[in-house]
Every structure is written in structure tokens, then in C-alpha cells.
Peer 1: 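Quick one: this structure, given as C-alpha cells, is what I'll be asking you about.
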Amino acid sequence: MTVRSALIAIATLAVTAPAAAPATSPLTLVYDLTPVVEQLVDPPSGPGLSPERGALRQDPGGGGMLAPGDNAPFRVAKVSGAALEGMSAEAMADLLRDEIRRGSFGAASHLVAIDEIGRRFGDGAPRVPRRGMTLPPVSPSSPGARFTRAMRILDTPSPYGGTWASRVHVYLAPAVHTAIAAGRGPERNLGRDGKPHWSTWRGVMPGLALAGGIHLQMYSGVNGRAVSFDARTWRTVPPSFTGLFGRYGGDPTRVHFLFTSGVTPAGSPAGCGDAMACKWTLAESTPAGRAILANGPGVYRIGPDALPWLREFNRRFD
């Protein structure tokens, strides 16, 4: 399947709901304000984003992808990760299933995104880390373990194609994948001294592996604003995350980057171009990163960098 045909497949899925699982097709999630979406859809030059190119709008963005006619099939429902933290597995599954059927704001793509899965879904690090220690069992009452039970409940065929779980997409907080990148060992929880200084993700990772998409937020929040990852983080996150994800059965073709606006990342290679060109260059700087980028990148509050981001997208996708 070519990149273009795969992108068209996800847009067609939103309308016709074929039997194929949605997780296998690349897509672009647009999580931004309508004036920005207008630029991405109708740029001054070159092709814009559209459902035919695999672009879907994250609710509660009014107007969807601004395509002619009813845009509900091109809108992705949303639930709060913070709200899920306090729910039972059964309540989580019920909420996600209801939002897949039709989102609270009217989304009818039969997809739902969780905004976001963060540090609290981890298992925590031992209070007194020791080299070679046996890690305690994951608490079944932890948010991560409850999330995995919910996703297993949803791991049954849906009427919209694939499983209910494969209709779930997850925005993964930077604190999660940067911690995974910082750690070592099979669970990515060891420091340089071989002691488990970092949290494991044993509770939540099997549930993430059942999701239709994991969207890595490639920026950190500093003083209420998004700040781009530096070059080292762009290079270390993709292989470390996909390695751990694969350990729990996760499919690397379901992992995506989420870009945002901002200055040139620290440590970018000389001559990489403007800030957005450098981010795309860094996204492609490792084999794991190139594979993730090919799955379809998304945007969050891309703002003034909308057209530079679209320029880089058009250089790589039909």
C-alpha cells in the first residue's frame, strides 16, 4: 500500500466503516483552533490537508476538517485522561465505548482520543532502589492496571471495523516517553548504576498495546507553554519507546509524532533550515523515528508554524 492510498483508507474508514482495523492505516490528527485549521486546509500554495489525505480533527474543534458537507465523520471524540484515573475498569470501558459510538460534541468518526495518559498511570519507582532487586507486583487498583483491564474489555469486535480497543487513540504525555528514554534495562527503569530509579509501565503498557494509535507529544510544558524537545530527546525517545512498546506486544506502526510550534530545537544539525524543518529532520534522524513519521504525524497548537509544518508534510506525503 502506498502512503497516499493508506491515508485515503483512514478517511474512508470514518465514513464507510470497513472491516479492516483502523490501527493499520496512517493518519494525521489535527488538534488546533479553527483559524489554524483553515490555513492547513486552504494554504496560499500547494495542497492542503483534507480527509482524503487522512486528516481528522480532534474534538471539540468546531467545523471538523472544514470539508464540504457534514464533517462529523472527520471528527475524533475526546475523553480526559485525568477523569479516567478515578474510574473503575468497567466505567472506563463504558465511557470509551459510548464516545466511539458518537462523541459528546458530535464526532462520528467512531474514534476516541484520550487526552492524556501521564505519569500517574505508571507503577512508580521503589522508595529504596537496590541493584538486582525484585520489583513488586503491579497494584491491580492502579490507574495503569485499571486502564489495561478496560482495554481488554474493549478488545472485542466493533461494528465500525477492528476492535473497540483499536478505535481508541492515546495522547502520551511527555513525562512518560522521556522517562522511558532516560531509563535503561528491559523495563527502561534502571539508572546508570543499575538501580531502579525510574518508574516501570507494566500496568498500563499492555493496554496501550491494544490501542489504535499512540501519539507521542514531542514537546514539554514549561510555564504554561509548549517547548520543543531538544535534538537528543528527538533521537532517544523513538527507539526507547517503540522498544518497550514492542515488549508488550505493541505494533510500532501505531505510533505517531505530535508536533507543536516553537523555536529550533537545541542541538539541531547545522543547515537543517528553519525551526520546523529542523524538527522534521530530527524526527527522521533515527530508523525508529523515520518509521514513526511514516505512520502519519499530527499537530497540536501548531499556530504560526502551520504553513512551515504543512510544507514539510507535503514534501513527504502525496
Side-chain angles (χ1 to χ4, degrees), residues 81 84-85 114 116-149 151-152 170-211 213-222 227-258 265-267 282-293 295:
L84 293 180
E85 282 183 29
I114 299 172
E116 58 189 354
I117 294 292
R119 190 188 301 275
R120 291 176 62 86
F121 284 81
D123 310 316
R127 292 185 179 180
V128 183
R130 299 187 305 276
R131 185 190 297 269
M133 69 183 296
T134 299
L135 294 173
V138 174
S139 170
S141 64
S142 69
R146 283 184 277 115
F147 173 76
T148 287
R149 289 203 303 277
M151 293 295 280
R152 286 172 174 158
V170 176
Y171 294 114
L172 203 64
V176 177
H177 42 275
T178 56
I180 290 170
R184 302 182 177 198
E187 295 291 348
R188 307 295 306 186
N189 67 320
L190 303 180
R192 293 184 179 182
D193 58 3
K195 298 178 182 180
H197 293 285
W198 301 89
S199 176
T200 60
W201 306 92
R202 295 169 291 156
V204 72
M205 198 59 70
L208 294 177
L210 295 173
I214 306 298
H215 302 261
L216 305 179
Q217 299 174 352
M218 299 303 287
Y219 47 85
S220 295
V222 178
V227 176
S228 300
F229 282 163
D230 61 20
R232 182 180 182 278
T233 307
W234 272 101
R235 294 183 181 113
T236 57
V237 162
S240 59
F241 177 78
T242 55
L244 184 63
F245 189 56
R247 177 178 170 84
Y248 286 87
D251 183 347
T253 66
R254 302 184 180 200
V255 183
H256 304 262
F257 287 137
L258 198 64
L282 291 171
E284 296 175 317
S285 63
T286 64
R290 289 191 291 274
I292 292 173
L293 193 62
N295 297 334

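It should be emphasised that the depicted structure is a prediction, and the values quoted were computed from it without experimental measurement.
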Peer 1: Roughly how far, to the nearest 0.5 Å, is CE of M218 from OG1 of T178?
Peer 2: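 Here the interatomic distance stands at 10.0 Å.
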
Peer 1: Do W198 and I180 have side-chain heavy atoms sitting under 4.5 Å apart?
Peer 2: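 W198 does not reach I180 side chain to side chain.
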
Peer 1: Using only atom types and a distance under 3.5 Å, with no angle test, would you say the side chain of T148 pairs donor to acceptor with the backbone of G203?
Peer 2: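 At least one qualifying donor-acceptor pair exists.
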
Peer 1: Looking only at non-hydrogen atoms, find the nearest pair between G185 and L190 and report the distance.
Peer 2: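 Shortest heavy-atom contact: CA-CD1, 4.0 Å.
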
Peer 1: CG/D230 to CG/L282 distance, rounded to the nearest 0.5 angstrom?
Peer 2: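 So the gap between those two atoms works out to 9.0 Å.
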
Peer 1: If you define the side chain from C-beta out and look only at heavy atoms, does anything of F241 sit under 4.5 Å from L172?
Peer 2: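 They are in side-chain contact.
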
Peer 1: Any chance you could measure D251, atom CG, to L210, atom CG, to the nearest 0.5 Å?
Peer 2: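 Rounded to the nearest 0.5 Å, the CG-CG separation comes to 11.5 Å.
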
Peer 1: Ignoring hydrogens, what is the shortest heavy-atom contact between H197 and A125? Give both atom names and the distance.
Peer 2: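 Taking H197 first and A125 second, the nearest heavy atoms are O-CB, 3.4 Å.
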
Peer 1: So, do Y248 and L208 sit near enough that their side-chain heavy atoms are less than 4.5 Å apart?
Peer 2: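 Not touching, per the 4.5 Å side-chain cut-off.
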
Peer 1: Can you name the closest pair of heavy atoms from V170 and A211 and give their distance?
Peer 2: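 For V170 and A211, the tightest heavy-atom pair comes out as CG2-CB, 4.3 Å.
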
Peer 1: Go through it in stages, so that I can follow the logic: the residues are I114 and F147, the test is side-chain contact (heavy atoms from CB on, under 4.5 Å), and I'd like the CA-CA distance, side-chain angles, deciding distance and then a yes or no.
Peer 2: CA-CA 11 Å; I114 299 172; F147 173 76; 3.5 Å; yes

Peer 1: To check you understand the geometry: which heavy-atom pair defines the closest contact between V237 and S240, and what is its length?
Peer 2: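 Distance-wise, the nearest heavy atoms are O-OG, 3.1 Å.
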
Peer 1: Looking at side-chain heavy atoms only, is the closest gap between P206 and R152 below 4.5 Å?
Peer 2: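 Side-chain contact under 4.5 Å: yes.
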
Peer 1: Check for me whether the distance between the ring centres of W234 and F257 falls short of 6.0 Å.
Peer 2: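 Centroid separation for W234 and F257: below 6.0 Å.
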
Peer 1: Just checking, any donor-acceptor pair under 3.5 angstrom between side chains of D123 and T200?
Peer 2: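 D123 vs T200: donor-acceptor pair found between side chains.
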
Peer 1: Please give me the minimum heavy-atom distance between P126 and P196, naming the atom from each residue.
Peer 2: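 That would be CD-O, 3.3 Å.
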
Peer 1: Once the angle between the rings of Y171 and H215 is folded into 0 to 90°, is it parallel (under 30°), tilted (30 to 60°) or perpendicular (over 60°)?
Peer 2: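 Plane angle between 30° and 60°, so tilted.
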
Peer 1: Nearest heavy-atom pair of A179 and W201: which atoms, and what distance?
Peer 2: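 That closest heavy-atom pairing would be CB-CZ2, 4.4 Å.
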
Peer 1: Can you tell if the side chain of F121 reaches within under 4.5 Å of the side chain of E85, non-hydrogen atoms only?
Peer 2: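 The answer is yes, as the side chains (C-beta and beyond) meet within the 4.5 Å cut-off.
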
Peer 1: Whether the side chain of R188 engages the backbone of G183 through a donor-acceptor N/O pair (distance < 3.5 Å, no angle test) should be reported.
Peer 2: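 Pair found, side chain donor or acceptor close to backbone of G183.
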
Peer 1: Step by step, would you call L135 with R202 a side-chain contact (heavy atoms from CB on, under 4.5 Å)?
Peer 2: CA-CA 11 Å; L135 294 173; R202 295 169 291 156; 3.9 Å; yes

Peer 1: Could you tell me whether the side chain of R184 and the main chain of R192 form a donor-acceptor pair under 3.5 Å?
Peer 2: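 Flag not set: sc R184 to bb R192 has no pair under 3.5 Å.
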
Peer 1: Quick one: do N295 and R254 satisfy side-chain contact (heavy atoms from CB on, under 4.5 Å)? Show the steps, please.
Peer 2: CA-CA 7 Å; N295 297 334; R254 302 184 180 200; over 6 Å; no

Peer 1: For R247, I'd like to know if atom CZ has over 12 heavy atoms of other residues, nucleotides or ligands within 6.0 Å.
Peer 2: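 Yes, CZ of R247 has more than 12 neighbouring heavy atoms, counting only those of other groups under 6.0 Å.
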
Peer 1: Would you indicate whether R290, at its atom CZ, is surrounded by more than 12 heavy atoms from other residues, nucleotides or ligands within a distance under 6.0 Å?
Peer 2: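 Result for CZ/R290: enclosed.
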
Peer 1: Quick one: CD1 on I214 to NE2 on H177, what's the gap to the nearest 0.5 Å?
Peer 2: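 That separation rounds to 11.0 Å.
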
